[in-house]
Every structure is written in structure tokens, then in C-alpha cells.
Number of protein chains: 2
Amino acid sequence: MANTEQVTKAGEKALQGTQSLADRLFLSLRKDIVEGRMAAGSKISEPELARRFDASRGSLREALMRLDSLGLIERKVNVGARVVELSGRGLLELYDVREALEGMACRLAAENRSDADLAELRQMLERHQQQEELQAGTAYYQPEGDFDFHFRIVQASNNELLIDTLCNKLYYRVRMYRYQLGMASPRAHRAFREHSHIIEAIEAGDGELAEILMRRHIRASRSNIAKKLSNT
Amino acid sequence: MANTEQVTKAGEKALQGTQSLADRLFLSLRKDIVEGRMAAGSKISEPELARRFDASRGSLREALMRLDSLGLIERKVNVGARVVELSGRGLLELYDVREALEGMACRLAAENRSDADLAELRQMLERHQQQEELQAGTAYYQPEGDFDFHFRIVQASNNELLIDTLCNKLYYRVRMYRYQLGMASPRAHRAFREHSHIIEAIEAGDGELAEILMRRHIRASRSNIAKKLSNT
DNA sequence: ACACTAAAAAGTGTCGACAATCTTGATTTC
DNA sequence: GAAATCAAGATTGTCGACACTTTTTAGTGT
């Protein structure tokens, strides 16, 4: 079932923060899909959703259009839209694409590193270290910490297209898999060490090494997943 | 100025090939933008475009929404849409992303190669060789042949996400730069030899080598572009 | 002549209604 | 009894109109 929280109605002068109703619908629906409140594979009824969000079908359709471009729903002409299905294959494909893109991001981050980026990365690492020491690597670190790490590395790549592709497109799919297949892998300790080494390579300005380490890091997660999937 | 060719009107029972009016508008506009009939950076007026294509603003807006997701136009709330600007930096960013993704595609193509894919690749290569011998590597080969090559390698990767990201998203941006900055580089001969070696690596099932060769191939083009840009 | 203000024109955002299409379930036919 | 047919209901695609914003233009005063 989807989020019942209503989006502020159009026309109300309330602080609509310079974003259109369709924008808010898009954001809200994206959240519902990613976090599993709209079940994967379930059909989407335009009239019903429009009523639930108290919006017109037109605005809703604009939001759906954008969800489609994100690959979070699938639309067929004259038939309708469904939330995308999750599959082991899809997850593995996602990891291969991430390996390629984040490897490159890491290389670029190392080659173009700025003092500001370095400071932030180092700071983040310390924060994660504290967190890890507090709760002996059980779980907390992985979902948020790991995401944080990858996100910031990509930001530091200084390549707008790369940043957009990963942070505004692919990562929503990643999050969807995390939420729904519950990927709290037991790699917390190891992942943290790998993160450390990657940031060291970036600090050293060694793009080639940084890329190799990042690719290995992602590939290790992939293997982990692949093993779990084959056990099912 | 944009394409004046009218899209078949809604309601006419003419063969509209199971695609909606918004779909056709999207395809038509994408073509106009990629091929430069809508100048980069120019403003887009919804009423005017709707009149020109003889469609309602609603359908047109759906098309614009999708062009926005493709990164071919930029929209600001309550202000409007503009065709995206081209820049040297943007082109170089594009090459870095392609290097990462097509490198991976090439690796996957080598690892998962099927007889059908191999046959097609080999066949394509022979076609290009004939073409190249005919017209001593002047120009014809590059735009179409090169595109063909990269396109088919990606198809052979067998990774839906990768295929979609490259063929349905990034390549339109590539084409746009090709058309408008006229990238008929004089690398035809060399490019053909490189293509040959890449396909050999794929045939041999050597994913690592195939990836390295593809990345080098793309990086060489990138250097070529970077040099030209710095001379301006 | 220049800056500022205010009206008007144009453009975008949103909505409700109609037309075309698909789906469902009952009816007919072999 | 199963397959094919057809009508009713629901859903999607498309449109034109209205409300609110932004931009342009005309006007006023210094």
C-alpha cells in the first residue's frame, strides 16, 4: 500500500518551495516505490492514485512519465503502468554497471581531488570509524554508511554526467533492491577497511589504484550477492 | 528551426503502430534536437510547438518531460524549457562515462559471447573493411560505421541495464555532439584496426583484454578531441 | 535620459471532460 | 463442456479551458 500522506494541494499558497505538483508527486511516488510501499510488480491505476494524492490525472501522468524514465515503473500503451519487478539478474546487472561507473568516478576523484573533497572524505571516514567501534560491526554501518561513502566519492569525481547518472538515476534502483531484498550483508568490517584504502589512494592522487580498489570492492559485494542468490 | 513534418494526427485511424501521440512527439523532437534543427540553447515554447505539431499542450508536455529525463532539454518551473547547451567539458565528460560503460560492455560481451553475436560482429567487421577499402578511409566510415560498431558490442553485453543506459540514453547525446560539433575525426584507418583487435579479443573470450582495448580505443578518441578543443 | 512602477501580454501549471482502447464476464455456438 | 463472440465497464490517451507566474511593455516621475 502506498503512502497516504497528502501532497499539499495546488492553489494553496503554502510554501510549495518552487516545485510543481508533478514534481512533488514524482518525489513522493519514487519514495513509495523505493521503500516498497508500492509492491514490486503491482499495477498502477491512474484514477486511483490521482484520488489518493488529490491531484489531477494530468499531473500524475507527468510524474509517472518520469518514473518510467528512471526505470522504476514500466508503461505499456493503452494498458497501464506497473511497478518494476525485482530479480536476481537485475541486481547483478546493476552491480556490473556500478563497478564500471564508480570505478571511473573513483579514478576521476583521485585525479581531480580538491582540498575540500579530501577533507570531507577523511571526515566521513572518521565518523564511520567511530560508529563502527561503537556497535561492533553488526549492521548500522552498512545501509547508511556504505551509501554515504559511495555517494561522496561520486560527488568528488567532478563529472556532472557521471554524478547525475549514478546519484539521480541508478542509486534509486540500488536503494530499491536494498529495501526489498534486505541486503544488510555481513561485510561491515571488511567494507570499512576497503573504504579506508580507497580513500588513501585518492589522497595519494593514484587514480589507477583508486579505480582498481573500488572495482574490487564492488565486485566483492557482487560475489556475495551472487552466492546468496544461487543458494535459493 | 525545427522539423515541420507533421505527426499523424490523433484520431486518424492511420497506422499509428501502437505508439501514442506523445511517443511520436518525443521521437520527432529528439531527432530534431539531436540533428540540430532545434538549436542548442534555444528556448522552447509549448504553445508554439504544440501548434506546429498539431497536438495539444498536454501531449507535448509529456514528450518534453521525457526529453528532460534524457538530458536533451532543461526545464525550470514556471519559466520553461531550453535545448541543452553543448560544451567541450560536456563532451569530455561523455567520453569518460563511455569509456567506463563500454569497457564493461566489452568485457561482458567477451565473457558471455554467443555464436549469434560472434557471427554478427565478424560480419559487421567485414562489411566495414569493404567500405574502408572502397573509399580510402576518408570519412564515410567514421560516423555510421563507428557508431554501428559500438552499438553492436553493447548489444552483445547481454546486460539489459547497460544496453538501456548506453543505447537509449547516452548515445543520443553522443549523436548530438557528432552532428553539431562535426566530429569526423581522421582516425578512420586506425579506428578500424582497433575495432578488429577488440573483436578478436571477444572471440577469444578474453574479457580483460577486450575491456582494456575498448577503453584505450575510446580514450584515444577523447585525447583527439581534447587536443582539438585546447587549440580553440 | 534614466530609474522605478504598474498594467498587460505571454507562458506555464493544473484541471475536468470526452474519445479511443483494453479488460471482463456473460452469452452463444460447435 | 470448451472455445469463440459480443456487450458493458473500467482505464488510458487526448484535448481545451482556467488559474497562477513570469516577462514584457507602457507609463510616470525625477
Side-chain angles (χ1 to χ4, degrees), chain A residues 2 6-30 38-39 41-69 72-84, chain B residues 2 6-30 38-39 41-69 72-84:
Chain A
Q6 297 288 316
V7 175
T8 45
K9 193 170 177 178
E12 293 177 11
K13 300 234 169 172
L15 54 126
Q16 54 189 62
T18 68
Q19 57 182 359
S20 71
L21 171 57
D23 284 337
R24 288 187 305 257
L25 286 173
F26 168 68
L27 294 176
S28 187
L29 285 172
R30 187 177 65 184
M38 295 183 84
S42 64
K43 182 153 187 345
I44 292 175
S45 160
E46 291 182 4
E48 185 200 325
L49 262 191
R51 272 196 306 275
R52 172 152 42 190
F53 284 105
D54 200 16
S56 78
R57 265 186 61 224
S59 300
L60 181 81
R61 277 168 65 84
E62 288 200 6
L64 292 185
M65 201 71 54
R66 289 162 68 180
L67 289 172
D68 188 32
S69 305
L72 292 182
I73 69 175
E74 283 171 346
R75 300 181 28 147
K76 282 186 200 151
V77 246
N78 283 322
V79 171
R82 315 190 74 91
V83 179
V84 74
Chain B
Q6 298 287 316
V7 176
T8 46
K9 193 170 176 179
E12 293 177 12
K13 299 236 169 171
L15 55 127
Q16 52 189 61
T18 68
Q19 56 183 357
S20 71
L21 171 58
D23 284 337
R24 288 188 305 256
L25 286 173
F26 168 68
L27 294 176
S28 188
L29 285 172
R30 188 176 65 183
M38 296 182 84
S42 64
K43 183 156 186 345
I44 292 175
S45 161
E46 292 182 4
E48 185 200 326
L49 263 192
R51 272 196 305 275
R52 172 152 41 192
F53 284 104
D54 200 17
S56 78
R57 267 186 58 224
S59 300
L60 181 79
R61 276 169 66 84
E62 287 199 7
L64 291 184
M65 201 71 54
R66 288 162 67 180
L67 289 172
D68 188 30
S69 305
L72 291 182
I73 69 174
E74 283 172 346
R75 299 179 26 136
K76 281 186 199 153
V77 222
N78 281 323
V79 171
R82 315 190 75 88
V83 179
V84 74

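Quick caveat: nothing in here was measured; it's all calculated off a predicted structure. In what follows, chains carry the letters A, B, and so on, assigned in the order in which the sequence lines appear, proteins first and then strands, with residues in each chain numbered from 1. We use all heavy atoms of the structure for the numbers below, so side chains are in, but hydrogens, waters and symmetry mates are not.
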Quiz item: C/dT14 phosphate, OP1 or OP2: any side-chain N/O from A/Ser56 under 4.0 angstrom?
Solution: no
Exercise. Determine whether A/Asp68 and A/Leu64 make a side-chain contact, defined as any pair of heavy atoms from C-beta on separated by less than 4.5 Å.
Key: no
Practice problem: Among B/Leu60, B/Leu49, B/Leu67, B/Leu29, find the one that has a side chain to side chain contact (heavy atoms under 4.5 Å, CB included) with B/Ile44. | Solution: B/Leu49
Exercise. Show your working on side chain to side chain contact (heavy atoms under 4.5 Å, CB included) between B/Met38 and B/Ile73 and close with a plain yes or no.
Key: CA-CA 11 Å; B/Met38 296 182 84; B/Ile73 69 174; over 6 Å; no
Rounded interatomic separation in angstrom, taking [atom1] from [X] and [atom2] from [N]:
| X | N | atom1 | atom2 | result |
| --- | --- | --- | --- | --- |
| B/Gln19 | D/dG13 | CD | C1' | 14 Å |
| A/Arg51 | D/dA10 | CZ | P | 11 Å |
| A/Asp54 | C/dT14 | CG | C1' | 12 Å |

Self-check item: Counterpart residues, side chain to side chain donor-acceptor pair (under 3.5 Å), relative to B/Asp23 (two or more places apart)
Solution: B/Ser20, B/Arg66
Protein-nucleic acid N or O pairs under 3.5 Å, nucleotides 11-13 of chain C:
| residue | atom | partner | partner atom | Å |
| --- | --- | --- | --- | --- |
| C/dT12 | OP1 | B/Lys43 | NZ | 3.4 |
| C/dT12 | OP1 | B/Ile44 | O | 3.3 |
| C/dT12 | OP2 | B/Glu46 | N | 3.2 |
| C/dT12 | O3' | B/Asn78 | N | 3.4 |
| C/dG13 | OP1 | B/Asn78 | N | 3.3 |
| C/dG13 | OP2 | B/Arg61 | NH1 | 2.4 |
| C/dG13 | OP2 | B/Arg61 | NH2 | 3.3 |
| C/dG13 | N7 | B/Arg57 | NH2 | 2.8 |
| C/dG13 | O6 | B/Arg57 | NH1 | 3.0 |

Quiz item: For the atom pair NZ (A/Lys43) and CD (A/Glu48), what is the distance rounded to the nearest 0.5 Å?
Solution: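 These two atoms lie 10.0 Å from each other.
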Quiz item: Is the backbone of B/Gly41 close enough, under 3.5 Å, to the side chain of B/Arg82 for a donor and an acceptor to pair up by distance?
Solution: yes
